[in-house]
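The structure appears below as structure tokens.
Remember, it's 1-based here, ligands and their atoms both numbered in the order they're listed.
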Amino acid sequence: VTRQIKDLRTPIICVMGHVDHGKTSMLDKIRGTTVTDIEAGEITQHIGATEVPLYTIESLCKGVLPGNIEVPGLLFIDTPGHHAFTTLRSRGGALSDLAVLVIDIIDGFQPQTDEALKILKQYKTPFIIAANKIDRIPGWRVNPSFSFTKTFESQPDNVKNALDNRIYDLAGKLSAYGFSADRYDRIRDFTRTIGIVPISARTGEGIPDLLMVLVGLAQKFLEKNLKLHVTGPGVGTVLEVKEDKGLGYSIDTIIYDGEIRTGDTIVIGGKEKPIVTKVRALLKPMPNRELRIVEKFDHVDRVTASAGVKILASDLDKAMAGSHLRVAREGMLNALIKEIESEIERAKIVTDETGIIVKADTIGSLEAIVSELRSLKIPIAQAEVGDISKKDIIEAETINDPLHRVVLGFNVKLLPDAKEHMLESDVRIFNRNVIYRLIDDYADWEETQKK
Ligand code: GDP
Ligand code: MG
């Protein structure tokens, strides 16, 4: 491969779709691992980043890739529902350049499919549809890993018709949003018509076509968008703050613009104030491995956008997941501190006078839970990123309504002093690692208390 053009940024591709429609399975198929097996409740709750280099795409596409591809690969972000898409913001708008909306072809449009479309329309993000689970169409003949066009040819006529009818259905639903859509192999201009790529994340059928369309779209998009080039000091988003044995505190980040080097001074959002620190080490996951599950890292001197990278530095214990990260080169520091300060201010979630207390691990998950509670008209007294402490329980005890004398925790620890205090308190604590379950369990409990 002799297409190494150094200053091209890897496009970020957000994978969206209704729960269980196959987002994680699709990425698993692409990278050949099984992240699904280890996920809490089988639902993706954390944002993962998967870098798929061009050579992987080439080998999967078995020679059908056009020869003029210059993008270095694709960076996929697997999101829990649509929330992360809106939380993972860049300076200009959405963080992702392109999106794949996964729709179960048997199950069809579902509430999160609608929500995802609304968001994509609002952010004007180019996208394609992965019509997943074609192997579940009655009578489907499986040809593992075949391209869609090849496997389609080998199907009996009634199966071909059944598939096409379902695709017409999807296209019809999309037209209600003002999008014209068609099966991808019938489209000439992908900037006018949304491509629907039939795939099976289970059998691998259609995966080559999906990657081919994505790379082609990224390439087109890149020709028009200068922002796809790597320039200047790095800008990124903090996905997760972690404490690892032997490593101390580190942050998992997505760098979406520019470059970051070891020794760079960075400014990131902290729980109270901006954190200014020096990059001690940059750890890149091996290609095709997901940032959050990887054990083995490459130590690197510099990372260019777009990439998922783990950063080691001091003072990261108070770093706030979901906040921005900026590399400060000469003369920039004060302005960047001001910028991050105002971001922290904006991230404070305005809450009601009385209500429940919510603690979560990231700004993104906190926002997701708060918006869910708001839609259920459940009042919130306090919503914060952080573990459940004794202070939270004491705060909850002051709430008059016993139905709201509650602390909801998402992916957080119950600190020892809180555990102790709980024994002599009537405050209920719900601590879960699946958002839907957390809210359902609380709502169920509230129902039984009312009786
Ligand atoms: P996500 O919630 O969108 O990430 O969905 P998952 O990837 O976790 O998949 C949900 C369920 O659908 C799992 O049980 C998968 O094994 C199953 N599944 C995903 N893709 C396919 C497919 O192409 N065919 C079939 N038959 N099952 C699939
Ligand atoms: Mg998933």
Side chain or backbone of [X] under 4.0 Å from ligand 1, or both, or neither, by non-hydrogen atoms?
X      : result
Lys133 : both
Asp20  : both
Asn132 : side chain
His18  : backbone

Within ligand 1, which atoms have a heavy atom of [X] less than 4.0 Å away?
X      : result
Asp135 : 22 (C), 23 (O), 24 (N), 25 (C), 26 (N)
Arg136 : 26 (N)
His21  : 3 (O), 5 (O)
Thr24  : 4 (O), 7 (O)

TODO: I would like to know whether Asp107 and His21 meet side chain to side chain donor-acceptor pair (under 3.5 Å); could you show each step before the answer?
DONE: CA-CA 8 Å; Asp107 205 20; His21 278 195; 2.9 Å; yes
- [ ] Verify the distance test for Thr24 against the Mg ion (ligand 2): any N/O/S atom under 2.8 Å, yes or no.
- [x]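 It does; at least one qualifying atom falls short of 2.8 Å.
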Is [X] reaching over with its side chain to a backbone N or O of [Y], donor-acceptor style, under 3.5 angstrom?
X      : Y      : value
Lys121 : Tyr177 : yes
Asp164 : Asn161 : no
Thr203 : Pro144 : no
Asn431 : Val412 : yes

Task: N/O separation below 3.5 Å, Gly22 to ligand 1 - done: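 Between Gly22 and ligand 1, an N or O pair is found under 3.5 Å apart.
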Task: Contact check: Ile134 vs ligand 1, nitrogen or oxygen atoms, below 3.5 angstrom - done: no
Open item on the list: Restricting to side chain to side chain donor-acceptor pair (under 3.5 Å), what partner residues turn up for Thr262, sequence neighbours left out?
Closed with: none
Task: Euclidean distance, Lys160 NZ relative to Ser154 OG, rounded to 0.5 Å - done: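 Here the rounded value is 8.0 Å.
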Task: Pair Ser25-Asp28, side-chain donor/acceptor within less than 3.5 Å - done: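 Not at all, the side chains of Ser25 and Asp28 share no donor-acceptor pair under 3.5 Å.
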